[in-house]
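Have a look at the structure below before the remarks.
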Amino acid sequence: MEQTVADRIAESPSYQTLKARRSRFGWILTIAMLVVYYGYILLIAFNKELLSARIGDGVMTWGIPIGFGVIIFTIIITAVYVRRANSEFDTLTEQIKRGR
Amino acid sequence: MMRKLSAFCALALLMPPGAAMAADVIQGAQKQPTNWTAILMFAVFVAGTLYITKWAASKTKSASDFYTAGGGITGFQNGLAIAGDYMSAASFLGISAAVMTSGYDGLIYSIGFLVGWPILTFLMAERLRNLGKFTFADVAAFRFAQTPVRVFAASGTLVVVAFYLIAQMVGAGSLIQLLFGLDYWIAVVIVGVLMMVYVLFGGMTATTWVQIIKACLLLGGASFMSFMVLWRYGFSPEAMFADAVRVKTDLAAAVPDTTPEAAAAAGQSIMGPGTFIKDPISAISFGMALMFGTAGLPHILMRFFTVPSAKEARKSVMWATGWIGYFYLLTFVIGFGAITFVLTNPDFLDAEGKLVGGNNMAAVHLAQAVGGNIFLGFISAVAFATILAVVAGLTLSGASAVSHDLYSTVFKKGQADSASELRVSRITTLCLGALAVILGIAFQNQNIAFMVSLAFAVAASANFPVLFMSVLWKDCTTWGAVIGGFVGLALSVGLTVVSPSVWETTLGNPVGSAPFPYTSPALFSMTASFLTIWVVSKLENSRRARIDRAGFLAQQVRSETGIGAAEASAH
């Protein structure tokens, strides 16, 4: 790509919007994932009793739904990003490509 | 006491990924009677995949076909292939065995492998697709001086591939010895030869389809096993867990001098975290290796170049994350199923009450318990196929690092034609295949438990920081990336050597003498790598550094929009 074309795209408002939104969204979700995972690891490191505590009268502990929750959260947060990127961000990208 | 002790040992071995399988299989390897059902099913798999290779060979003409299947893989197919790369035999057999021995800790372990995927999606996946062509070095070296960055990237790739490959080959030999009753060396040679055939003739197209087929077989088999386990308990997880706790309590009570309270506590202990996470530093460091290592594994990264667009790249990680997450949920059920179906059945236990063939046979014995001999053969064949497919992907990524990064870009300065590049990658494939067989045989009796975790640590400490900084940080320079990358590479390997799993377990030094006390070096080596990249880039003010910084804008435009990105069709 020629430098001038890149400069022109870089200055276009759609590109600025795309870059700002995607980068913000990506970082927010990244931080959410880091908080959930390392929160879980630190919970295990510092408060094993909580995860081993039984929920009701049976053998089920809080650890099982929390652990499964982390797995489900991981899948859902990925889906959330891909959904928005495949619609909103791709529409913006198309606009940038057309405006070239 | 004995049970606690053995559970503890299993966990200590489990700490690095794949350890359980590797260590257990190696130590408890006694040859089994030849299993003809399994061999027959495996032969069917091989025949099918060779047919696909023949078809793929007719389509593999250019370097682009060879490295990236011509960019014509859809997001869904690629997602399955990525999941296939990730669901190795070590994770299937190792994690279900870990759940069987220690319950909840197996879940903690598998979660670590999953959480890197969203990070890879949010920050890297589509940018990789937009910037790269064949290898992750294309991305890392995009705006930098080609030679030094390519040399670094090829080193990072080959180190990761070598450790991963050794772990897979040794695992393969031992596992196949157990499952099929073949000699160790025959098993290793079969894996080596078949892998070379796939990669040499079918390139990425064959490698991807072998991976897709295997992923479907593995997911199907694991789903069936979990279904049968849950069916027995009327699809009530509580009933399954309660029965598993009862079995574990009875086993603990059978040990002399155990009070009923202690036995009940031992039984219930599988429902919560045990000894897996010892100190927070090891836990976080290990978590970082898994999380960021995923985004630095060359055989995973190269799969992003096989899809036609950034949109398909995103879809592939979405599918991959979904399948891998589902798979880990299944392994948890399979592990608990193994407690209730296998540990209670004398057919699967030896005179001392241990599992025949070692703990890693948990899933395999469960297959027999729920589906009889035919299903046992099926699962054994799938385990073999799994190793084969993972090994083929690793070899292809090693071969592309040598031919595309070193030969074509560094030695020929980008002047190599497609045909000669292709020839070099085929020669490299042959060399890597032969090397894998030789190393597999050489390491047969070594404790290779640390190798996969080392591969992840190197990927997180060398490949990931360089990729991340070159794509996202405008002030990064050639020498910042190269020096920082090599610092991460050297430190992750060095610290692993002086960590307990190598220093004490493999090299035989006394317990407690390891200079580096933690399980994984990633927290330190990855931080050091990032810091070095930052400091060197900030200090550097050469002419090259100014070119590097000036190139960021154009790189960013392409990484964000895909304008100018490599097209799907032949280049």
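Letters go in sequence order (proteins before strands), and every chain restarts at 1.
Heavy atoms closer than 4.5 Å to chain B are found nowhere in A/Arg83, neither backbone nor side chain. Interface residue B/Glu238: backbone and side-chain heavy atoms are both found under 4.5 Å from chain A. Using a 4.5 Å cut-off between heavy atoms, B/Leu123 contacts chain A through its side chain alone, with no backbone atom that close. Contact annotation for B/Arg127: only side-chain heavy atoms (C-beta onward) come within less than 4.5 Å of a heavy atom of chain A. Interface residue B/Phe241: backbone and side-chain heavy atoms are both found under 4.5 Å from chain A. Contact annotation for A/Leu42: only side-chain heavy atoms (C-beta onward) come within less than 4.5 Å of a heavy atom of chain B.
For the pair A/Phe68/B/Phe332, a side-chain contact is recorded, criterion being any heavy-atom separation below 4.5 Å from C-beta on. A/Phe89 has its side chain out of reach of B/Glu126: every pair of non-hydrogen atoms, C-beta onward, lies at least 4.5 Å apart.
Across A/Ile72, A/Leu50, A/Leu34, A/Thr74, the residue that shares the most heavy-atom pairs under 4.5 angstrom with chain B is A/Thr74. Contact count versus chain B (heavy atoms, under 4.5 Å) is highest, among A/Leu92, A/Thr93, A/Asp90, A/Leu51, for A/Asp90.
At least one donor-acceptor pair closer than 3.5 Å links the side chain of B/Lys311 to the backbone N or O of A/Asn86. Proximity of a side-chain donor or acceptor of A/Tyr38 to a complementary backbone N or O of B/Met288 within less than 3.5 Å is detected. With hydrogens and angles disregarded, no donor-acceptor distance shorter than 3.5 Å links the side chain of B/Tyr328 to the backbone of A/Ile71.
For residues 12-19 of chain A, a heavy-atom distance under 4.5 Å to chain B picks out A/Tyr15, A/Leu18, A/Lys19, given by residue number.
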